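Taking it in order: structure first as structure tokens, then the write-up.
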Protein chains: 2
Amino acid sequence: MSGTHTRVPTGLGAGPVNPEDCPVREVLDRIGDKWSVLVIVLLGRRTHRYGELHRTIDGISQRMLTLTLRALVRDGLVERTAHATVPPRVEYSLTGLGRTLLEPLTALDRWAVEHRDDIRGARERHDREQART
Amino acid sequence: MSGTHTRVPTGLGAGPVNPEDCPVREVLDRIGDKWSVLVIVLLGRRTHRYGELHRTIDGISQRMLTLTLRALVRDGLVERTAHATVPPRVEYSLTGLGRTLLEPLTALDRWAVEHRDDIRGARERHDREQART
DNA sequence: CTGAATCCTGTTAGATACTG
DNA sequence: CAGTATCTAACAGGATTCAG
């Protein structure tokens with residue numbers, strides 16, 4: 001809330017701006033989907049097993065959980081540990097890199113919580129004004 | 001980098017987690033798309049006209065620019081000002097609410113810039129290990 | 001100049017059934 | 001238990017054309 005704008009984010013020099021080459025957008029491409037942040041946040045609390053995640057994240061299909069986890073592992077945010085027992089036991093946890101992401105994610109969450117009502121309000125006001133056409 | 005985890009983000013109490021009722025996910029639904037952050041960031045620097053945005057944001061179609069702007073206006077993040085001249089002149093700028101979003105967005109951007117290579121590295125390592133199957 | 005309207009496409013995600 | 005495989009529905013987004 002310093003009176004002035006904060007630093008301009010992102011590789012936005014002066015010229016045209018490209019979504020393919022923009023750091024923020026790159027992150028959003030990874031965690032902007034429907035399930036990734038939920039997984040990250042849960043793993044930020046503690047290690048979870050596959051089935052635990054499946055039960056805890058409401059409405060996620062096995063398919064999407066698998067795909068989401070695989071992508072996060074590939075990007076080095078999540079670590080997969082398979083124990084060769086029977087029945088199999090697979091545990092997922094955040095990597096060091098993944099944990100560093102919790103901080104900016106928390107900042108975004110704080111903003112979201114703080115301004116949730118503002119957005120809802122703006123939305124309703126806007127829709128009401130549209131309605132009287 | 002404080003040794004411990006930061007606060008757990010989001011209305012994640014103990015029970016199941018629902019994507020429909022999660023503040024962070026709610027924000028991501030708004031700005032997680034392909035163009036919103038680019039628009040927000042540009043407007044964070046200064047007011048822009050429609051055509052300016054269209055020229056500056058590389059590859060955006062008129063359709064998507066219009067839709068993106070309309071959504072941002074609806075959510076109270078962006079303000080639209082139409083001057084009744086001919087030819088018409090429409091200016092877009094961030095609202096107060098929109099400006100507050102710049103801060104957490106900048107945090108995320110900083111993370112992105114800082115860890116860009118880590119992710120690329122993890123990706124390549126992972127893909128290389130998959131490749132030798 | 002600032003859009004709106006229409007058509008068309010690829011991707012994302014849900015449902016369901018099956019497996020080591 | 002921890003996934004795969006397959007099929008389908010929904011939607012985001014691009015291209016093009018028209019309009020105030």
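Only this structure's heavy atoms are used, side chains among them; waters, hydrogens and symmetry mates stay out. Computed from a predicted model, the values in this text were never measured in an experiment. Protein chains get the first letters and strands the later ones, always in sequence-line order, with residue 1 at the start of each.
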Among [options], which nucleotide sits nearest the side chain of [X]?
X       : options               : value
A:Lys34 : C:dA13, D:dA2, D:dG14 : C:dA13
B:Asp33 : D:dG13, C:dT2, D:dA2  : D:dG13
B:Trp35 : C:dG3, D:dG13, D:dA2  : D:dG13
B:Pro88 : C:dC1, C:dA4, D:dG3   : C:dC1
A:Thr66 : D:dT4, D:dA2, C:dG3   : D:dT4
B:Gln62 : C:dT2, D:dC1, D:dG3   : C:dT2

Query raised in the report: Which part of the nucleic acid, if any, lies within reach of A:Arg89 when heavy atoms closer than 4.0 Å are counted: base, sugar-phosphate only, or nothing?
Result: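 The answer is sugar-phosphate, as A:Arg89 gets under 4.0 Å only of primed atoms, P, OP1 or OP2.
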Query raised in the report: Contact class for A:Arg55 (heavy atom, under 4.0 Å): base, sugar-phosphate, or nothing?
Result: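 Nothing: the residue A:Arg55, judged by heavy atoms under 4.0 Å, touches no strand.
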Can [X] and [Y] be counted as an ion pair, charged N to O under 4.0 angstrom?
X        : Y        : answer
A:Arg123 : A:Asp127 : no
A:Glu103 : B:Arg110 : no
B:Asp118 : B:Arg125 : no

Rounded to the nearest Å, what distance is computed from the [atom1] atom of residue [X] to the [atom2] atom of nucleotide [N]?
X       : N      : atom1 : atom2 : value
A:Met64 : C:dA15 : CE    : P     : 12 Å
B:Leu53 : C:dG3  : CG    : P     : 10 Å
A:Leu69 : D:dT4  : CG    : P     : 10 Å
A:Arg30 : C:dT12 : CZ    : P     : 13 Å
B:Leu67 : C:dC7  : CG    : P     : 16 Å
A:Leu65 : D:dG3  : CG    : C1'   : 10 Å
A:Asp58 : C:dG14 : CG    : C1'   : 14 Å
B:Glu20 : C:dA13 : CD    : P     : 13 Å

Report task. Strictly below 4.0 Å, heavy-atom distances to any atom of DNA chain C: list the hits from residues 78-87 of chain B, or just say none. Result ->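 Within residues 78-87 of chain B, the residues near DNA chain C are B:Arg80, B:Pro87.
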Report task. Kindly say if B:Tyr50 contacts the phosphate of C:dA4, meaning a side-chain N or O under 4.0 Å from OP1 or OP2. Result ->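 Looking at the OP1 and OP2 atoms of C:dA4, neither is under 4.0 Å from any side-chain N or O of B:Tyr50.
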Query - Presence of B:Arg70 side-chain N/O under 4.0 Å of C:dT2 phosphate oxygens OP1/OP2 - result: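 B:Arg70 to C:dT2 OP1/OP2: no side-chain N or O under 4.0 Å.
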Query raised in the report: Would you say A:Tyr50's side chain and A:Tyr92's backbone share a donor-acceptor pair under 3.5 angstrom?
Result: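 Here the side-chain-to-backbone pair does not exist.
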Query raised in the report: Does the B:Arg99 side chain pair with the main chain of B:Gly44, one donor and one acceptor, at a distance under 3.5 Å?
Result: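 No.
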Report task. Side-chain contact test, heavy atoms from C-beta onward, threshold under 4.5 Å: evaluate it for B:Leu43 versus B:Leu72 and give yes or no. Result ->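 They are not in side-chain contact.
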Query raised in the report: Mind checking whether A:Leu108 and B:Leu28 have side chains closer than 4.5 Å, heavy atoms only?
Result: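 Sidechains of B:Leu28 and A:Leu108: in contact.
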Requested in this report: Grab the two heavy atoms, one from A:His126 and one from B:Arg74, that are nearest each other, plus how far apart they are.
Outcome: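 Looking at all heavy atoms of both residues, the closest pair is ND1-CG, 3.5 Å.
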Query raised in the report: Do the side chain of A:Arg63 and the base of D:dG3 come within less than 3.5 angstrom through a donor-acceptor pair of N or O atoms?
Result: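 No.
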Query - Residue met sooner reading DNA chain C from 5', once B:Glu52 and A:Ile60 are mapped to nucleotides - result: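 Nearest nucleotide further toward 5': that of B:Glu52.
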